[in-house]
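Here the structure is a predicted model, which means the values were calculated and not measured. Just the heavy atoms: all of them, side chains too, but no hydrogens, waters or symmetry mates, feed the values below. Chain A is the first sequence line, chain B the second, and so forth, proteins listed ahead of strands; every chain is numbered from 1.
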There are 2 protein chains.
Amino acid sequence: MSEKVTIYDIAEKLNITAATVSRALNNNPKIKEATRELVIKTAAAMNYKQNKLALALKSGRSNNIGVIVPRIDSNFFASVIRGIEEELYPHGYQVIICQTHESIKRENENLHTLVDAQVDGIMMSVTGISDENDSAFRNVLEKNVPLIFFDRSKHIDGVSSVTINDFKGGYLATKHLIDEGCRNIAHFSGDQSLDIFKNRFLGYKQALLDSGLDFKEEYVIYTKSSVDAGKDAVDKLLQLETPPDAIFSSSDFAALGAIQELKERNISIPSEFCVAGFSNEPFTKFMELSITSVDQSPLEMGRMSARVFLEQVDKTDTIKIEKKVVLAPELHIRKSSTRTNF
Amino acid sequence: MSEKVTIYDIAEKLNITAATVSRALNNNPKIKEATRELVIKTAAAMNYKQNKLALALKSGRSNNIGVIVPRIDSNFFASVIRGIEEELYPHGYQVIICQTHESIKRENENLHTLVDAQVDGIMMSVTGISDENDSAFRNVLEKNVPLIFFDRSKHIDGVSSVTINDFKGGYLATKHLIDEGCRNIAHFSGDQSLDIFKNRFLGYKQALLDSGLDFKEEYVIYTKSSVDAGKDAVDKLLQLETPPDAIFSSSDFAALGAIQELKERNISIPSEFCVAGFSNEPFTKFMELSITSVDQSPLEMGRMSARVFLEQVDKTDTIKIEKKVVLAPELHIRKSSTRTNF
DNA sequence: ATGTTTTATGTAATCGATTACACGAAAGTA
DNA sequence: TACTTTCGTGTAATCGATTACATAAAACAT
C-alpha cells in the first residue's frame with residue numbers, strides 16, 4: 001500500500017536535495033520562501049511523515065519517557081500515570097509503562113530495558129524489598145538519564161523525588177482518632193525499609209506521644225496491602241490483653257479488611273472502634289460506612305514528577321540538579337472514624 | 001561520565017571491524033568461536049549496550065506497541081493494560097500509553113503520533129462519540145501497522161477485535177433480576193453508537209421478551225458512567241406512573257449512584273428493589289451491600305489482545321488477518337440483587 | 001603442486017533524518 | 001568594474017547498527 005515517504009522521495013520529485021527538504025520542513029531561516037512553500041505543499045500532498053526513529057537516532061533523544069510502578073491496576077498508580085501523561089502530552093513525550101510486581105529483579109530489568117531503549121527520562125516508585133545494590137540506578141544516572149522517584153523513594157545522590165509528607169499524614173490520621181476519643185490506637189504498617197511506611201509509622205508514634213498516650217510495640221502490625229491481611233491483623237489485635245479501640249492503617253485495603261472482620265464480630269464502628277486508612281482509594285468514599293483516609297493527591301504527584309523531569313531534561317549534563325518535592329497529605333474524614341456529627 | 005559504547009569502540013579496541021563485532025554479538029554462525037568469545041567478553045567489560053534506536057531504524061521495527069484508552073485511571077482499563085504488558089513483556093515489547101479523554105480529536109492525534117513513532121502495533125478501545133471519518137484508522141492500516149480493538153470496537157475492515165459478549169452479559173443480568181422476582185426492570189444505557197452499550201441493551205430487551213415481560217421505552221435511561229448520573233436517573237424513574245422495581249445498569253458507577261439514591265428514599269435493597277451493574281469494578285465487591293455485576297475479565301482481554309497482536313505482527317504484510325475474539329461475560333451475583341439466600 | 005571449497009573477516013551500502021562546510025549566484029559597495 | 005557580503009542550495013559526514021557482497025586465508029581433494 002502506501003509505502004513510506006521519505007525526504008529523499010520529496011527531493012527527487014522536486015529535483016532538489018534532501019538537505020533542502022529537511023531545511024524547508026524545519027523552518028530553517030536560510031531557505032527561499034518559494035522553495036519552502038513548495039516543499040511543504042509537496043510533502044503534504046505525498047503524505048510525508050517524519051520518521052521519528054531516524055530523528056531519535058540522530059539527536060540521541062527518543063521523546064519517550066519510562067514509568068516503572070509495582071503494578072498499574074491500582075487506583076493510586078494509575079492516577080499518577082494519568083498525571084504524568086497529561087503533563088507530558090503537550091511536550092510531545094510518550095509514556096512507556098513497566099510493572100515490577102514488587103520484584104527487584106524485574107525492577108532492574110525494567111531499568112536496563114528503558115535505558116537501552118534510549119528513553120529521555122525515568123520516573124518510578126521503587127519496589128518494596130530493599131537491597132543495597134544501587135547499580136541499576138547508578139547505571140541510569142551514568143547515562144545521564146534523569147531519574148525521578150515518586151511516592152516510594154530511595155536515598156540516591158542525583159535522584160529527584162516527589163513524595164507526600166507521610167509523617168504528617170500518619171500524624172494527622174492518628175491525631176484525628178485521638179480527638180474522636182480513641183485511646184488505644186493500633187497501627188498497620190508495611191515494609192519499613194520503605195520510607196513511606198517508616199514515616200507514616202513515625203507520624204503515628206509522634207501523635208501518640210504528643211497527646212500523652214503510650215506507644216505500645218504490640219499495637220504495630222506489619223501487614224500486606226490486602227483485605228485478608230487486614231482481617232488477620234484484627235484477629236491478632238483482639239487477642240491482646242488490652243485490645244485497641246482504633247486502627248490507623250497504612251493501607252486502605254487492610255483497613256477495609258479490618259472493618260469487615262470487626263463487623264463480623266459485632267463490634268460497631270465508629271462507636272466502639274474507629275478506623276482510618278491511607279491512599280484514599282475510590283472505594284473508601286463509596287462504602288455505606290465510608291472510610292476515613294489520607295489522600296496522596298496522585299494526579300498532582302504525577303504532574304509534579306513530569307514537571308521536575310521537564311526542568312531537568314534540558315539542563316547541561318554536567319550540573320546534577322536534585323530536587324525534592326514534598327506534597328501535603330490531606331485527611332478525608334468519613335464515617336469510619338466520626339463519632340461526633342453523625 | 002560513562003560515554004556510550006558502540007560496536008565501533010569494541011572493534012577499535014580489538015583491531016577488527018564493526019561488522020565482525022555485530023556478527024559475534026548476534027550469534028552469526030560464520031564467525032570463529034574464539035573471536036565470538038573475545039568480542040562478547042570485551043563487550044561485557046566495556047559495558048556495551050545495543051542502541052535500540054539504531055536497530056529500530058535499520059529494521060523498521062521499534063519494539064514498541066501503543067495502547068489507546070479513554071483514561072487509564074479506571075480499574076477496567078488499567079487491568080486490560082496490565083494484561084497487555086504482562087503478555088508482551090517476555091517478547092521484549094514495550095507498551096506506550098495514550099489517553100483520549102473521550103475526545104475524537106485526541107484519538108486521532110494519538111493514532112497519528114503512534115504511527116509516526118513507528119510502533120509495531122496499536123491496541124485500543126475506541127472513544128464514544130461516533131463519527132464516520134475512519135481516515136485515522138485507515139492511515140494506520142495503510143502503514144501495515146496491526147490494529148486491534150478491545151472492548152469498545154468499531155466495524156472496520158482489517159481490524160481485529162477482542163470483546164466480550166455484551167449481549168449475553170445484558171441477558172444474564174436481566175434474566176437474573178427476573179428470576180429474583182423483579183417484573184419492572186429499568187436499564188441504564190450509554191452512547192448506543194458504541195456496540196458495547198447497544199448490545200447490553202439488546203440483551204436486556206431479549207431477556208425481557210423471552211420471559212414474557214413488556215419492554216418499555218421509558219425504562220431505558222441514557223446515563224454517563226458516574227455516581228451522580230445514577231442518582232439523577234433514579235430520580236427520573238421514580239416519577240414514572242409505574243416505577244420500576246429493578247435496574248440493570250451498563251455502568252457500576254451509575255448502579256452505585258442508583259443504590260445511594262434509593263437508600264436515601266428509604267427504598268430497601270434487595271427486598272423492594274434490585275440492582276445489577278456492569279464491569280465488576282472492585283468496589284462492587286467491597287460494599288457492605290455488595291453489588292451484582294457482570295465481569296468483563298479485563299486481564300484476560302488484555303492478554304488476548306496481545307496474543308492476537310503477536311499472531312499478526314510477523315505475518316506477511318499482504319495477507320490481512322482479521323480475527324474477532326469474543327470472551328464470555330460472567331455474572332457475579334451479590335447482595336444488591338439476591339432475595340433468596342441471605 | 002594445483003585447483004576447489006570452506007571459513008572468517010573486511011568493505012561499503014543502508015535505514016531516514018540533520019547539519020557543518022563548501023560553493024556558485026545574486027546583491028551590495030566603493 | 002571589481003570586490004565583498006549575503007543568500008540559497010548542494011555535498012557529504014553522522015547517528016549505530018545490520019548485511020549483501022567481496023576477498024584473503026585455510027582446508028581439502030586429486
Query raised in the report: Between C:dA17, C:dT14, C:dT18, which one does the side chain of B:K58 approach most closely?
Result: C:dT14

**Report entry** Criterion side-chain hydrogen bond (donor to acceptor under 3.5 Å, both in side chains) against A:T127, the qualifying member of A:E107, A:E102, A:K105
**Finding:** A:E102

Requested in this report: Rounded to the nearest 0.5 Å, what's the gap from CD on A:E85 to CD on A:Q94? Could you check?
Outcome: 8.5 Å

Report task. Rounded to the nearest 0.5 Å, what's the gap from CG on A:N27 to CD1 on A:I40? Could you check? Result -> 6.0 Å

Pick base, sugar-phosphate or nothing for [X], based on heavy-atom distances below 4.0 Å to the nucleic acid.
| X | value |
| --- | --- |
| B:K32 | sugar-phosphate |
| B:N26 | sugar-phosphate |
| A:L57 | base |

Quick one, [X] and [Y] - any side-chain contact, counting heavy atoms below 4.5 Å?
| X | Y | value |
| --- | --- | --- |
| B:R23 | B:T35 | no |
| B:K52 | B:N63 | no |
| A:V80 | A:F150 | yes |

Can you tell me how far [atom2] of [N] sits from [atom1] of [X], to the nearest Å?
| X | N | atom1 | atom2 | value |
| --- | --- | --- | --- | --- |
| B:Y8 | D:dT14 | OH | C1' | 10 Å |
| B:D9 | D:dA17 | CG | C1' | 13 Å |
| B:D116 | C:dG16 | CG | C1' | 14 Å |
| A:Q50 | C:dG16 | CD | C1' | 9 Å |
| A:E12 | D:dG10 | CD | P | 14 Å |
| B:K49 | D:dA17 | NZ | P | 12 Å |
| A:Q118 | D:dG16 | CD | C1' | 9 Å |
| A:I7 | C:dC15 | CD1 | P | 12 Å |

Query raised in the report: Does anything in residues 13-23 of chain B reach DNA chain D, meaning a heavy atom under 4.0 Å, and if so which residues?
Result: B:A19, B:S22, B:R23

Report summary line: Expected list for residues 33-41 of chain A near DNA chain D, using heavy atoms below 4.0 Å, is A:T35

Report summary line: Closest heavy-atom pair, A:F309 versus A:L88, reported as atoms and distance to 0.1 Å, is CD2-CD1, 4.2 Å

Query raised in the report: Got more than 12 heavy atoms from elsewhere within 6.0 Å of NZ, A:K49?
Result: yes

Query - Evaluation steps, salt bridge (charged side-chain N to carboxylate O under 4.0 Å, His left out), between A:R106 and B:E86 - result: CA-CA 12 Å; A:R106 215 38 193 269; B:E86 288 179 4; over 6 Å; no

